Amino acid sequence: NDSIGIVCGFVVVGYLLAKAGKPQEAAVILAGAAQQAKAMNHLLEAMEQGLLDEGKRLLEASLSPDELAGLTAQGERMGIHELADFALKALEEMGDKG
C-alpha cells in the first residue's frame, strides 16, 4: 500500500529532523505518522517503531511537555497530504540553512 510506505517515510523524516535539531517539525511529523499508521490499522515494522521511539525520546529531551503536547496534537490533526506538505517544507528549510 502506497499510503503505508508514505507513513514509514514520515517516520524516517521525523527521526532525521529530531536528530538534526529540528524538534518542533519532528514532533509534528512523528505524531502525524503515528496517527496515520493507527488510522490504517498498520503496525510499524521493528525498525520504524525503533526510529519513532528514539525520535520521541529526543523530542522529550528537547521540548517542554506542554510544547510537545501542542505539536503532537497539531500532527495528529493533519491528513496524509497536509503532513506530506509539512514534511517537504521542513526538509526544504533544513536544506536552505544547511
Side-chain angles (χ1 to χ4, degrees):
N1 184 326
D2 289 343
S3 296
I4 291 170
I6 292 168
V7 169
C8 296
F10 291 150
V11 172
V12 173
V13 169
Y15 170 77
L16 292 174
L17 287 168
K19 289 288 283 184
K22 305 287 282 180
Q24 290 85 4
E25 294 87 344
V28 171
I29 294 166
L30 289 174
Q35 179 63 28
Q36 290 297 320
K38 182 179 175 183
M40 290 184 247
N41 291 319
H42 173 67
L43 293 176
L44 296 174
E45 300 286 333
M47 183 192 81
E48 296 151 352
Q49 188 63 52
L51 292 176
L52 182 67
D53 293 343
E54 178 61 21
K56 287 179 178 180
R57 280 192 288 276
L58 291 168
L59 298 176
E60 289 168 358
S62 302
L63 301 169
S64 73
D66 286 345
E67 188 175 18
L68 182 55
L71 294 165
T72 296
Q74 179 183 346
E76 288 175 346
R77 286 190 303 269
M78 288 184 174
I80 197 164
H81 298 292
E82 186 180 5
L83 194 58
D85 290 342
F86 184 90
L88 182 59
K89 183 177 177 192
L91 289 172
E92 288 173 344
E93 288 174 359
M94 195 170 82
D96 290 344
K97 294 176 185 172

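Being a predicted model, the structure only gives us computed values, none of them experimental.
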For the student: nearest non-hydrogen atoms of [X] and [Y], plus distance:
| X | Y | result |
| --- | --- | --- |
| Ala26 | Ala18 | CB-N, 3.5 Å |
| Ala90 | Leu17 | CB-CD1, 3.9 Å |
| Phe86 | Gln74 | CE1-NE2, 4.1 Å |

With rounding to the nearest 0.5 angstrom, report the [atom1] to [atom2] distance, [X] to [Y].
| X | Y | atom1 | atom2 | answer |
| --- | --- | --- | --- | --- |
| Leu30 | Glu76 | CG | CD | 11.5 Å |
| Ile29 | Leu91 | CD1 | CG | 6.5 Å |
| Glu93 | Leu88 | CD | CG | 10.0 Å |

Next on the checklist: Less than 4.5 Å apart, side chain to side chain, heavy atoms only: is that true for Tyr15 and Lys19?
Outcome noted: yes

Next on the checklist: I'd like to check Glu82 versus Asp85 (side-chain heavy atoms, cut-off strictly below 4.5 Å). Are they in contact?
Outcome noted: no

Taking distance alone, no hydrogens or angles, what donor-acceptor pairs closer than 3.5 Å link side-chain atoms of residues 31-52 to residues at least two apart or in another chain?
residue	atom	partner	partner atom	Å
Gln36	NE2	Met78	O	3.1
Glu48	OE1	Glu45	N	2.8
Gln49	NE2	Asp53	OD1	2.9

Counting only pairs under 3.5 Å, give me each side-chain donor-acceptor contact of residues 58-70, with atom names and distances, residues two or more places apart or in other chains.
residue	atom	partner	partner atom	Å
Ser62	OG	Leu58	O	2.9
Ser64	OG	Glu67	N	3.0
Glu67	OE2	Gln24	NE2	3.3

Item to check | Residues in salt bridge (Lys or Arg N to Asp or Glu O under 4.0 Å) contact with Arg57, at least two apart in sequence or another chain | outcome: Glu54

